[in-house]
Structure formats: C-alpha cells, structure tokens
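Below, read A as the first sequence line, B as the second, and so on, with proteins coming before strands; counting in each chain starts at 1.
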Amino acid sequence: MAKCLLLVLLFFVSIAYGQEYPSANMARWEYGSDGYSLKSFKIDIQNNSPYLIKEIKMRVWVYDDEGEYYEHNKIQTFKVNIQGYELGKTPAIALSNRRILRYYRSFEGMSWGSEILDVKFYKTPQQIAEEREEQERARLEALRLEQEEIEQERIRQAQIELERKIELTHSKALEFYRNNKLYEAQNYFKEVLKLDPNHVDANQKSNEIARFFSIRSGAGYVYREENSNSLNNLKREITNLLNNEINDTPEGSYQFKVSIQFDTNGINNSRIEGVGNEVVLKKISNILTSGTLSPSKKFSYYVNSHDSFTIDANWNSSEEHVVSDGKGINGLDKYFKINPSDFKDYINAQSYKYGKFNFDVKSKVLKIDGNQQADKDIRLIDYKLNAGPQYAFCSLVLPGWGASKVSSGQNGYLTGFAYLLSLSMAGVTKVLEKIDYKSYQEAQSQSVASEAYDAVNADRKLFMVCIGAVGLAYVYDFSWSLVKGFSNIKKSAYYRKKLKDSPIDVKLSKF
Amino acid sequence: MNSITRNIAFLAILFLFGCTKDDFTWNVKKLPCLITFYNSSEDFFTQVSMAGMTNNTLGTGPNNFYKDKIIKVKKGQAYDLLVNFQTTSPAVGVYAYFDWNGDGDFLDSDESVLISSNINFTNVTKSITVPSNAVKGEYYARFIVRAGSTISSDPCFENDSYGEVEDYPLVIE
C-alpha cells in the first residue's frame with residue numbers, strides 16, 4: 001500500500017516537473033553467499049529527461065508487514081550515470097545481517113520504499129547552446145509575428161481606405177455615365193483607373209467612351225456590332241422572302257447586296273443593289289424600311305452606323321426516278337446515288353411501297369453574308385403502279401411471272417416451278433406415250449397389243465394430269481395475279497388521290 | 001377468261017410438243033383388233049373401192065393397214081362399196097366392218113356387213129348406208145376375206161389359215 005502511495009506521489013511529482021523528473025521503478029534484491037540473507041538491494045531509476053543524471057538524493061527504507069519494522073531507513077545520495085530516457089540502477093544499498101531473521105518471520109516477505117529528494121542533471125555545452133539558440137529563435141519569431149501582424153493591419157486599413165476611395169470615385173463616374181455626361185464620367189473613370197488599373201468596369205466604360213468619341217468623329221459605327229438583333233431579323237426576313245420565292249419557282253437565282261446606313265438623326269438610308277426583279281426589289285425594300293432595322297443609338301443619341309452584306313441564292317429542280325419492286329428501291333439519277341436514304345425512308349414509311357416514283361428534287365443554295373447553306377426539297381410528283389392487274393397477262397406467258405410482278409417478287413416462284421416441272425413431265429410422258437404407241441402399232445399379237453395399249457393409256461393419263469397441272473398453274477396464277485393487281489391498285493390509290501391535288505411533300509427545308 | 005387461259009395453255013403445249021387435239025383425249029384411240037392369216041397367197045382382195053377411195057391390191061400380206069387410203073363418208077348417206085377378191089377355196093366369207101360409233105370395235109349390230117359367201121361372186125358391189133347416229137371422227141374400216149373351213153363373221157377371229165385382212169382409216173363427217 002505504501003509503495004503504491006509513493007508511486008502516486010512520484011507520478012504527481014513527475015507531472016509537476018513536466019514529466020522530466022526521474023522515477024524509481026523497482027528494487028533488485030541481492031542475496032548473501034548463504035543464499036538466504038538479503039545482502040543488499042538496488043533501485044532502478046528511470047531518467048525521464050533528455051539530460052544525464054549524475055547524482056540523485058533519495059530516502060530509502062525497507063519494511064515488513066508486521067509493525068512497520070524498519071531495518072533500513074536512510075537519506076542517501078548516490079552518484080549515478082543515467083543517460084537521458086534510460087533506466088539505471090543506484091549503487092548497492094547494504095543491509096545488516098539481522099534482516100535475515102526478520103525475513104523468515106514474515107509470511108509476506110520484504111517491501112521497500114523510496115523517495116527521490118533531489119536530482120543533479122548534467123547538460124553538455126552543445127545542449128546549453130542549442131537551448132539558448134532555440135530560446136532566441138523563439139523570441140525573434142514571436143517578435144516577427146507581432147511586427148507582421150501590425151504591418152498587415154496597416155495594409156488592410158490602407159486597402160480599405162483605397163477601396164473606399166475607388167468606390168466613391170467610381171460611383172461618381174457612373175452617375176455621370178448614366179446621365180450621359182461622358183466627359184465628366186471619363187475623367188472619373190480615369191481617376192478610378194489611376195487608383196486601380198485593373199478595375200474592370202472602369203476599364204470597359206472608359207474604353208467605351210473613348211471609342212464613342214473616336215467613332216463619332218470618324219467613320220461611324222458598324223451596324224452589326226451595335227444592332228446585331230436588328231441585323232439578324234433583317235436577314236431572317238429576307239431569307240423568308242427567298243424561301244417563298246424558291247418554293248414558288250422551279251429554278252432561279254438572285255445576287256444582290258444590302259447596304260445599311262443610318263445617319264446621326266436616326267434616318268434609315270439603307271438600300272439594295274443588284275436585284276433585277278422589280279417585285280422582289282420592292283419586297284426587300286419594304287423589309288428594309290418597314291422598321292425591321294432599328295437606328296443605332298449610343299448614350300441616348302443617334303449615331304451614324306453602316307454595314308453591308310451580300311446575298312447569293314440559286315436553286316434548280318430535277319427529276320429523280322425511283323423504282324421500288326422486289327429487287328428493292330433503286331434509282332439511277334444523281335441525287336438518289338448521293339443520298340438514297342432520302343427516298344428510301346419515305347417509300348419504306350408508306351403503307352404500299354411498290355411502284356415507279358417520280359420525285360422533284362429542288363436543290364437550293366443560299367449564301368448570306370458569307371454563310372452558305374445548301375439543302376434540298378423533295379416532292380413526289382408522279383407515281384405509277386408497277387404491279388397492276390395487267391401483269392396477270394405475264395402469267396399467260398409463264399405462270400409465276402405475273403404473280404412475281406404483282407407481288408413485287410415475293411410470290412410466284414413456287415407456281416413457276418410447279419408449272420415448269422409439270423410441263424417437263426408432260427413432255428416426258430408425251431414422248432413415252434409416242435414410244436409406247438409405236439409398240440402398240442407394231443404389236444404382232446393381240447395380247448402384246450393390249451399390253452402396249454394399256455401402257456399408252458397410262459402414259460396418256462399421266463400426260464393429261466401433267467397438262468392439267470400446267471393448266472391449273474395458268475389459271476391459278478393468272479387469277480391470283482389479277483386479284484392481287486386490283487388489290488394493288490386499291491392499296492396505292494392514295495398516291496394518285498393526293499397527287500391529283502398537289503405534289504406530295506417528302507422532305508422540305510427552310511433556310 | 002378461263003377459256004382464254006386454256007387455249008393459250010393448249011397452244012403452248014402444241015407449240016412445245018407438236019400435239020393435236022386427239023392428244024388431249026383421256027384414252028388413246030384404239031386400233032382395230034389384231035388378226036392375221038397364215039397364208040394370203042391364194043385368197044385375197046384385189047380391189048376395195050368406196051366413197052371415192054380405191055385401192056387395187058394383189059395380196060401383199062395377210063394383214064394390211066392402208067393408212068393413206070382414207071374412206072371419207074357423211075352421216076346418213078349411202079355409198080357403193082365395190083369389192084374384188086380372188087379365192088381358190090371351196091368356201092369363202094367376205095366381210096366389211098365399219099366402226100360407226102368410234103368405240104374401237106366392230107361389235108355393234110350395224111357395224112358388220114357380209115359382202116359375199118359365194119366363191120363365184122368375187123366382184124361385188126354393195127350399198128353401205130352410214131347410220132344417222134354415227135359419231136363424227138376418225139375411226140377404222142376393215143375388210144376380211146376368209147377361206148377354208150371356217151368363215152366366221154367375227155372381225156377379230158384369227159384362227160383361220162387362209163385369207164387377208166385390210167384396214168382403212170374411216171372418217172365420218
């Protein structure tokens with residue numbers, strides 16, 4: 001118990017000394033030569049510091065568990081040599097021989113206690129120098145931090161003051177700017193820029209004002225830079241006009257120049273050059289003067305502005321013949337070869353997709369202000385059914401042919417095969433019949449003649465069956481082709497019905 | 001439309017196989033039953049003449065089919081049949097057969113005509129009337145000289161040793 005209390009005490013002492021005070025960990029008993037007597041003991045000292053412990057003063061006592069019998073209770077000073085953070089022993093502490101007897105009377109054995117009273121550390125000159133240097137460095141660092149903080153505070157205050165001044169000056173500049181007092185505004189903006197050369201708004205507005213003074217006294221503004229929306233609207237309206245012209249005529253071309261001019265009174269002096277068609281010229285002139293173009297204004301004043309662009313439009317039409325049948329959708333004309341999907345997609349999307357299609361392809365190119373657009377309008381202008389009932393007569397030439405025609409290659413092959421097979425068999429049986437008939441004619445006895453006659457009749461019947469199959473193929477294929485052909489007429493009627501009113505729009509585009 | 005198809009089909013087959021109308025009957029036209037004689041050197045026809053057809057023969061064989069000697073008759077009309085034959089036998093039976101109904105045999109009641117059974121009457125003229133119910137078409141006529149012990153009227157009987165049979169195309173119009 002006492003030892004525990006001592007350890008607790010040492011613990012608090014070590015805390016008080018910043019964990020650097022040594023502590024006594026344990027004692028090492030040393031026995032005498034008889035093996036029973038306790039001759040001496042040594043205490044392990046834990047050096048908790050980086051410094052060398054040269055001398056340690058401590059009270060050391062030994063006791064048993066009965067009556068706190070102290071055999072040894074002395075204050076002793078030991079010369080030791082314990083390195084920093086090392087475990088070291090005190091020199092041997094001698095015990096009297098009487099302790100042997102006491103030891104045997106006790107059941108609990110012997111206990112010990114110690115109390116470190118004083119410690120002498122030893123520091124090397126280098127350690128001392130390093131410590132001083134560290135202290136000086138810390139002091140200088142603290143000083144530097146303090147000065148830096150003062151300087152930063154001074155700069156912050158100066159910055160606040162500068163910003164306040166910039167803000168004030170900028171506010172004045174803006175006030176003049178908003179009131180279109182450009183000279184005064186320019187002076188203040190320049191003042192702001194002196195304080196802050198990177199001030200974005202001041203830079204922008206100062207340049208704007210400088211540019212305004214420069215342009216106003218020079219060539220004037222470029223219209224597209226000041227009124228881009230108006231210019232775009234103008235282009236859009238002219239484009240719409242040209243779209244209508246292109247839509248209404250199979251071919252044509254226009255090349256003209258639009259010159260935009262506004263004076264300082266906001267008067268529109270824009271004009272067109274190069275349009276020979278009076279009607280179109282009038283329409284475009286109307287667009288130019290109808291208010292589509294807004295006069296250029298700067299700082300509430302009309303300013304002179306100018307611009308120009310050219311328009312080059314040309315379009316032409318050609319016919320594309322496309323055949324859709326059992327072999328697929330094919331065309332030989334040039335646009336089909338370039339982009340067959342334009343035609344195939346349309347045909348494939350129809351409920352009845354076979355026939356001879358005649359498309360009008362209008363190829364159009366519009367170059368406006370350097371931007372060229374090219375596109376195509378495709379319209380179906382004529383349609384002819386290529387699987388009508390008239391193809392039933394092909395079945396009279398070769399059964400299956402008509403069915404193949406009216407079904408666009410999907411049917412007829414089986415009928416054709418059956419027909420040719422039956423016809424071939426008919427030919428073979430007819431040849432056999434003639435051979436057997438000759439035998440019949442040349443028979444030398446009635447019994448041989450009767451056999452030959454039966455054979456001839458069998459050949460004849462087979463021939464008739466084959467001929468019947470041939471005839472059936474004719475009748476079936478002709479009838480089927482005829483019905484299918486009329487059905488095709490009905491299915492494809494909507495092409496003709498629509499085309500009677502107007503061409504069918506397949507793919508239309510607007511610039 | 002079907003008739004057009006049939007005709008076109010028929011023409012196609014005709015073109016392909018060189019067929020005639022007769023090729024499209026269910027059964028092949030029967031030839032007369034086949035009979036022959038052992039010896040025709042002494043008992044045979046020397047002439048058969050009817051309806052503009054005349055065939056002078058000298059017993060060229062026991063069984064003869066003169067396919068180019070066509071007897072053309074019309075229904076309901078009567079024609080003279082002139083038959084000349086020779087025989088060395090004490091008994092003879094000369095018959096004429098006409099397949100009036102075109103059934104391929106000469107077994108019907110009016111299809112068999114006795115020309116002569118007297119060896120002294122070897123030049124006989126007989127009037128043959130074509131039945132009004134005869135069937136138009138191309139059939140056969142048969143003439144038989146039988147000599148010896150048996151003079152059967154059976155047009156297919158061939159158990160005789162002496163005689164001659166002559167077959168002719170018979171066209172009934």
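To the nearest 0.5 angstrom, B:Ile35 atom CD1 is 13.5 Å from A:Ser445 atom OG.
With a 4.5 Å cut-off on non-hydrogen atoms, A:Glu433 touches chain B through its side chain but not through its backbone. Residue B:Lys29 touches chain A through its backbone alone, counting heavy-atom pairs closer than 4.5 Å. B:Asp23 touches chain A through backbone and side chain together, each having a heavy atom under 4.5 Å away.
A:Asn457 and B:Val28 get closest at one heavy-atom pair: OD1-N, 2.7 Å. Of all non-hydrogen atoms in A:Ile467 and B:Phe24, the two that sit nearest each other are CG2-CE2, 3.9 Å.
Crowding of A:Met425 atom CE: a count of heavy atoms from other residues, nucleotides or ligands under 6.0 Å not exceeding 12. Counted within 6.0 Å of CD on A:Gln441, heavy atoms from surrounding residues, nucleotides or ligands total more than 12; the atom is thus considered enclosed. The environment of CD in A:Glu451 is sparse: at most 12 heavy-atom neighbours from other residues, nucleotides or ligands sit within 6.0 Å. Within a 6.0 Å sphere centred on OH of A:Tyr494, other residues, nucleotides and ligands contribute more than 12 heavy atoms.
Looking at residues two or more places apart in sequence or on another chain, you find a ring pair (Phe, Tyr, Trp, His ring centres under 6.0 Å) between A:Tyr453 and A:Tyr440. Under the disulfide bond (SG atoms under 2.5 Å apart) criterion, A:Cys466 pairs with no residue at all, not counting sequence neighbours.
You'll find the side chain of A:Arg460 reaches within 4.5 Å of the side chain of B:Thr25, heavy atoms only.
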